Protein chains: 2
Amino acid sequence: MADEHTLSPVQQKFILHWGEMGAQWGVNRTVAQIHALLFISPRPLHAEEITDTLGVARSNVSNSLKELQGWGIVRRVHVMGDRRDHFESLKDVWELFRTIADERKKREVDPTLAVLRDCIAESTKTGAPDSYTEGKLRELLGFFETTTGWYSQLRGWSPSALSRLASMGDKALKLLGVSPG
Amino acid sequence: MADEHTLSPVQQKFILHWGEMGAQWGVNRTVAQIHALLFISPRPLHAEEITDTLGVARSNVSNSLKELQGWGIVRRVHVMGDRRDHFESLKDVWELFRTIADERKKREVDPTLAVLRDCIAESTKTGAPDSYTEGKLRELLGFFETTTGWYSQLRGWSPSALSRLASMGDKALKLLGVSPG
DNA sequence: CGGAGGTTTCTGTGAATACTGAAAGAAACG
DNA sequence: CGTTTCTTTCAGTATTCACAGAAACCTCCG
């Protein structure tokens with residue numbers, strides 16, 4: 001291909017690290033690498049550029065792109081005068097992580113809430129010979145309910161509002177008449 | 001063994017789900033299951049009880065326990081009149097997740113910060129022919145620095161303080177003279 | 001010092017997952 | 001329509017990861 005890319009050492013380093021990070025968090029290494037590449041690319045790339053740059057199979061790129069689109073952090077765009085699909089990552093870091101958090105909540109936290117409620121319901125219904133388990137599940141449920149409640153509040157706020165709030169630190173609490181302890 | 005355990009359907013359901021969740025987040029399924037079992041167990045268990053209850057190999061249990069101890073969420077305890085090691089999970093949900101968060105930060109976020117700083121340093125040093133990448137890496141670094149800053153502030157606060165703060169919602173911002181937008 | 005109870009390490013095997021290359025399938029163009 | 005260009009699906013392969021079972025290793029006790 002004409003528009004072959006070679007990555008700078010810095011780009012390589014970042015992409016490789018991002019791949020490792022992804023793996024640690026349950027994301028396929030290649031998927032994470034492709035995302036890293038798109039994230040630092042100043043323009044949308046088509047699949048074959050990605051194939052060449054990362055040295056993985058074309059089909060692998062195709063599937064990985066589909067997964068990234070499923071996460072909502074990569075989208076297809078079209079470039080004038082080029083039939084091929086091009087792909088670009090969400091470019092705003094805050095929006096990026098908010099999207100990922102939303103998706104993880106939907107995929108993992110919400111089902112967990114459902115399971116916990118189920119377990120607790122069943123446990124109380126059946127007369128519960130072991131109340132210890134039930135108590136613990138209740139605590140867990142309480143934790144998830146509280147934290148997801150916080151999240152849904154905060155996710156509407158802008159980064160700058162949050163950062164101003166955070167920079168006030170403990171003073172904020174004092175002002176609000178809330179003690180940290 | 002004498003003290004054989006059979007799990008109630010509810011316990012099974014929870015343990016299996018916890019295992020799946022773990023897998024999604026990059027934790028070995030068995031490791032997560034063992035943790036779930038210990039979490040809902042009213043007393044410390046020894047390795048063989050775990051083996052019998054979950055139906056996995058003794059050695060697997062041993063390794064998994066070691067990993068859980070590495071995460072700091074399970075510890076060895078001794079039971080009077082029993083030579084065997086017993087194991088128990090952190091029981092307080094908030095402490096549990098704080099411990100996990102601390103550990104993930106140490107293992108994954110901190111190295112990422114280091115890599116980003118490295119990349120940026122190298123990029124500026126070498127005269128940076130591609131400033132786009134550098135800019136993006138800076139944004140990413142800023143994001144991680146800000147959020148970890150928040151985390152280290154908040155992790156000292158008690159759940160109840162946090163929940164009082166959160167329950168005030170947008171009112172808190174108004175009081176502080178910060179607009180959400 | 002020898003043996004019993006308990007724990008960890010090690011090696012081979014099995015299962016899951018990621019990946020490739022080829023073939024089939026669409027869409028655009030002449 | 002037939003051809004070209006591009007994308008996706010599919011089936012087989014490789015690699016990685018989890019796991020079991022055996023062996024080795026402690027530690028306590030008589």
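Since the structure is predicted, the reported quantities are computational estimates derived from the model, not experimental observations. Proteins get letters first, then strands, A, B, ... in listed order; numbering begins at 1 in each.
For C/dT7, the OP1/OP2 oxygens have a side-chain nitrogen or oxygen of B/Arg58 closer than 4.0 Å. Taking 4.0 angstrom as the limit, B/Ser62 places a side-chain polar atom (N or O) nearer than this to OP1 or OP2 of C/dT8. Note on A/Lys66: a side-chain N or O is less than 4.0 Å away from OP1 or OP2 of D/dT9. In this model, the phosphate group of C/dT20 is not approached by any side-chain N or O of A/Asn63 to a distance below 4.0 Å at OP1 or OP2.
Nearest nucleotide to the A/Val56 side chain, out of C/dT20, D/dG21, D/dT4: C/dT20. The B/Asp85 side chain lies nearest to C/dT7 when the options are D/dC19, C/dT7, C/dG6. Considering only side-chain atoms of A/Arg84, the nucleotide from D/dC19, D/dT9, D/dC6 that sits closest is D/dC6. Counting only heavy atoms from C-beta on, A/Arg83 has its side chain closest to D/dT5 among D/dG21, D/dT7, D/dT5.
A straight line from CG of A/Leu68 to P of D/dT7 spans 16 Å, rounded to a whole angstrom. Rounded to whole Å, atom C1' of D/dT9 lies 15 Å from atom CG of A/Leu65. Atom pair A/Arg76:CZ and C/dA27:P shows a separation of 10 Å (rounding to whole Å applied). A straight line from CZ of B/Arg29 to P of C/dG14 spans 19 Å, rounded to a whole angstrom. The NE2-P distance, from B/His46 to C/dG6, rounds to 8 Å in whole Å. A straight line from CG of B/Asp82 to P of D/dC29 spans 13 Å, rounded to a whole angstrom. Atoms CD1 (B/Ile50) and C1' (D/dC19) sit 16 Å apart, rounded to a whole Å. Summarising the geometry, the separation between CD on B/Glu20 and P on D/dA18 is reported as 14 Å, rounded to the nearest angstrom.
By the 6.0 Å contact criterion, CZ on A/Arg98 is enclosed, its count of non-hydrogen atoms from other residues, nucleotides or ligands being greater than 12.
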Checklist entry - Yes or no on side-chain hydrogen bond (donor to acceptor under 3.5 Å, both in side chains) for A/Glu108 and B/Trp25, after CA distance, side-chain angles and deciding distance? => result CA-CA 9 Å; A/Glu108 284 124 30; B/Trp25 288 83; 3.2 Å; yes

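Residues B/Leu16 and A/Leu116 fall into different hydrophobic clusters, defined by Ile, Leu, Val, Met, Phe, Trp and Tyr side chains chained together at heavy-atom separations under 4.5 Å.
Nucleic acid contact class of A/Asn60 (heavy atoms, under 4.0 Å, all strands): base.
Remark: A/Glu122 does not engage A/Lys125 in a salt bridge, criterion side-chain N to carboxylate O under 4.0 Å.
Judged by distance alone, with hydrogens and angles left aside, A/Thr30 brings no side-chain donor or acceptor close enough to the base of C/dA18 to form a pair under 3.5 Å.
Side-chain atoms of A/Ser41 do not come within 3.5 Å of backbone N or O of A/Leu37 as any donor-acceptor pair.
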